[in-house]
Amino acid sequence: MEQRVIQILCQVNENIGSYKGERMLEEQVIDSFDVMQMVERLEEEFGITINADDIISEHFANAEAVIHMMQRYV
C-alpha cells in the first residue's frame, strides 16, 4: 500500500518523492490543487472516501503523513 500511495503522490507532483521536510504546503512544494488531486486519485485507487475532516495540512505534511492517514482507511 505504501508504494502505491507514493506512486500516486509523485504522479501528482514529482517533487513529493524527494521532499524530506514536514511542511509541504507551507513550503510550497504542493498547493491546494495538488492536495485535491491526491485525494481524488487515492480515493479512486483504494475505493475509499476520505473524510473532509482529514483533508488538513498535517495529513499532507509529507509522503509519510499521507501514508499514515491512508493506513486508517485501508
Side-chain angles (χ1 to χ4, degrees):
M1 187 266 306
E2 293 178 16
Q3 286 298 83
R4 287 168 56 196
V5 170
I6 290 172
Q7 182 179 21
I8 290 167
L9 300 181
C10 290
Q11 287 173 352
V12 171
N13 184 319
E14 63 188 24
N15 296 322
I16 295 171
S18 61
Y19 180 72
K20 301 299 181 205
E22 295 185 8
R23 298 170 32 133
M24 285 197 298
L25 277 165
E26 293 86 348
E27 294 180 12
Q28 299 179 353
V29 175
I30 61 172
D31 59 24
S32 58
F33 185 71
D34 290 333
V35 171
M36 296 314 297
Q37 282 188 305
M38 285 185 261
V39 167
E40 181 180 330
R41 291 184 185 186
L42 290 166
E43 287 179 333
E44 280 181 22
E45 177 71 21
F46 293 98
I48 60 167
T49 299
I50 296 175
N51 188 330
D53 293 340
D54 282 330
I55 304 173
I56 57 175
S57 62
E58 289 83 11
H59 292 164
F60 294 88
N62 54 34
E64 292 79 21
V66 178
I67 290 167
H68 180 71
M69 175 189 68
M70 290 298 296
Q71 288 172 337
R72 293 183 292 141
Y73 285 96
V74 293

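Heavy atoms only: backbone and side chains are in, while hydrogens, waters and symmetry mates are out.
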To the nearest 0.5 angstrom, please state how far the [atom1] atom of [X] sits from the [atom2] atom of [Y].
X: Gln11; Y: Gln37; atom1: CD; atom2: CD; answer: 10.5 Å
X: Tyr19; Y: Asn13; atom1: OH; atom2: CG; answer: 11.5 Å
X: Asn51; Y: Tyr73; atom1: CG; atom2: OH; answer: 4.5 Å
X: Ile67; Y: Asn62; atom1: CD1; atom2: CG; answer: 8.5 Å

Take Ile48 and Met70 through the test side-chain contact (heavy atoms from CB on, under 4.5 Å) and record every step on the way to the result. CA-CA 10 Å; Ile48 60 167; Met70 290 298 296; 3.5 Å; yes

Taking only residues at least two apart or on different chains, which pairs with a member in residues 34-55 satisfy salt bridge (charged side-chain N to carboxylate O under 4.0 Å, His left out)? Arg4-Glu45, Asp54-Arg72

Contacts satisfying salt bridge (charged side-chain N to carboxylate O under 4.0 Å, His left out) that involve residues 10-31 (not counting sequence neighbours) are none

For the pair His59 and Ile56, evaluate side-chain contact (heavy atoms from CB on, under 4.5 Å) and give the outcome as yes or no after the intermediate values. CA-CA 6 Å; His59 292 164; Ile56 57 175; 3.7 Å; yes

Let's go through Val66 and Ile6 carefully: what are the C-alpha distance in whole Å and the side-chain angles of both, what is the deciding distance for side-chain contact (heavy atoms from CB on, under 4.5 Å) to 0.1 Å, and is it a yes or a no? CA-CA 9 Å; Val66 178; Ile6 290 172; over 6 Å; no

List the steps, then state whether side-chain contact (heavy atoms from CB on, under 4.5 Å) holds for Ile16 with Phe60. CA-CA 10 Å; Ile16 295 171; Phe60 294 88; over 6 Å; no

